[in-house]
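All ligand and atom numbering here is 1-based and tracks the order in the structure.
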Amino acid sequence: MANKLEIRDLWAEIDGSPILKGVDLVVPQGEVHALMGPNGAGKSTLGRVIAGDPSYQVTEGEVLLDGENILQLKPDERARKGLFLAFQYPLEVPGVTIANFLRLALQQRFGREVPLSEFYNKLQKAIEVLEWDESYVTRYLNEGFSGGEKKRNEVLQLMVLEPKYAILDETDSGLDIDALKVVSKGVNAMRGPEFAALVITHYQRLLNYIVPDVVHVMVDGRVVKTGGKDLALELEERGYDWLKAEVGA
Ligand SMILES: Nc1ncnc2c1ncn2[C@@H]1O[C@H](COP(=O)(O)OP(=O)(O)O)[C@@H](O)[C@H]1O
Ligand SMILES: [Mg+2]
């Protein structure tokens, strides 16, 4: 069976106005791909549609996870299949510790009770890789957290949940170098034959730390160019206008 995340001719709209206009994209297991493109191209929308955000109406196309079309599945069912969308939910849950939240998320991910010992093993491993202080996870979820700390949380979540396919939507608003390093450390630690990621970013900066196997560029609701990691550097240097002109957008 084909182990990959495959988007085929995906069209999606919100309130009748089309945003995705025939996206084709393949991310095979074991690879990390970057999705770049100018603001408003539809990158975040693509991430949300893959994850199952009900605000968008899919009017055509398929999202195949290991060959299975997941478009009819609810977001939590998609998560159970190993899909993970990060950096979209800066949620604050007063009174819930990071550890408790993670255990709940893990149980949802695997659809079964996860024994404390198993959970703590995973948590311990993640904290070690990230070189964090253990006391950190007994804090309350995002309550009074800085942007960088929220980012850490999301990375911890990624590592504990061990998704097969992760979509990381890096918001374009000023992530400092420390946060970039945290994100990349987590993602790079996850790299392996059974992990694939689509890293969405407007700027090339993040890709200095997470070196992608493949770079896709989205313009006006479609993937218009795919290349190697050098494509990101070229875009950094030349901007997006030449590409827009090339595709007549
Ligand atoms: N919830 C929404 N309501 C209305 N318009 C939206 C919504 N989400 C996205 N859009 C529009 O879709 C286009 C693509 O947005 P987005 O996916 O956020 O692009 P990108 O992430 O590439 O910057 C933009 O024109 C944006 O205004
Ligand atoms: Mg975006």
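Residue contact check: A41 has heavy atoms under 4.0 Å from atoms 19 (O), 20 (P), 22 (O) of ligand 1. Near P38, meaning under 4.0 Å from any of its heavy atoms, are these atoms of ligand 1: 22 (O).
Ion pairing between a basic and an acidic side chain is recognised when a charged N comes within 4.0 Å of a carboxylate O; D169 and R48 show no such pairing. Ion pairing of R191 with D213 is present here, as a side-chain N (NZ or NE/NH1/NH2) and a carboxylate O approach within less than 4.0 Å. Comment: R8 engages E6 in a salt bridge, judged by a side-chain N to carboxylate O separation of less than 4.0 angstrom.
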side-chain contact (heavy atoms from CB on, under 4.5 Å) evaluation trace for E31 with K4: CA-CA 9 Å; E31 295 185 8; K4 58 188 174 188; over 6 Å; no

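In terms of N/O distances under 3.5 Å, ligand 1 is approached by G42. Inclusion of S44 in the set of residues having an N or O under 3.5 Å from an N or O of ligand 1 is warranted.
Counting heavy atoms closer than 4.0 Å to ligand 1, residue I14 contributes side-chain atoms (C-beta onward) but none from N, CA, C or O.
Looking only at distances, no side-chain donor or acceptor of D53 sits under 3.5 Å from a matching main-chain atom of V49. Remark: side-chain polar atoms of H202 are not paired, donor with acceptor, to backbone N or O of M36 under 3.5 angstrom. For the pair R78 (side chain) and L73 (backbone), a donor-acceptor distance under 3.5 Å is present.
Judged by the shortest distance from any of its heavy atoms, G40 lies inside the 4.0 Å radius around the atoms of ligand 1. Using a 4.0 Å heavy-atom cutoff, G37 is absent from the residues neighbouring ligand 1. The shortest separation from a heavy atom of G47 to ligand 1 is not under 4.0 Å, leaving the residue out of contact.
Among the backbone and side-chain atoms of T45, none of the N, O or S atoms lies under 2.8 Å from the Mg ion (ligand 2).
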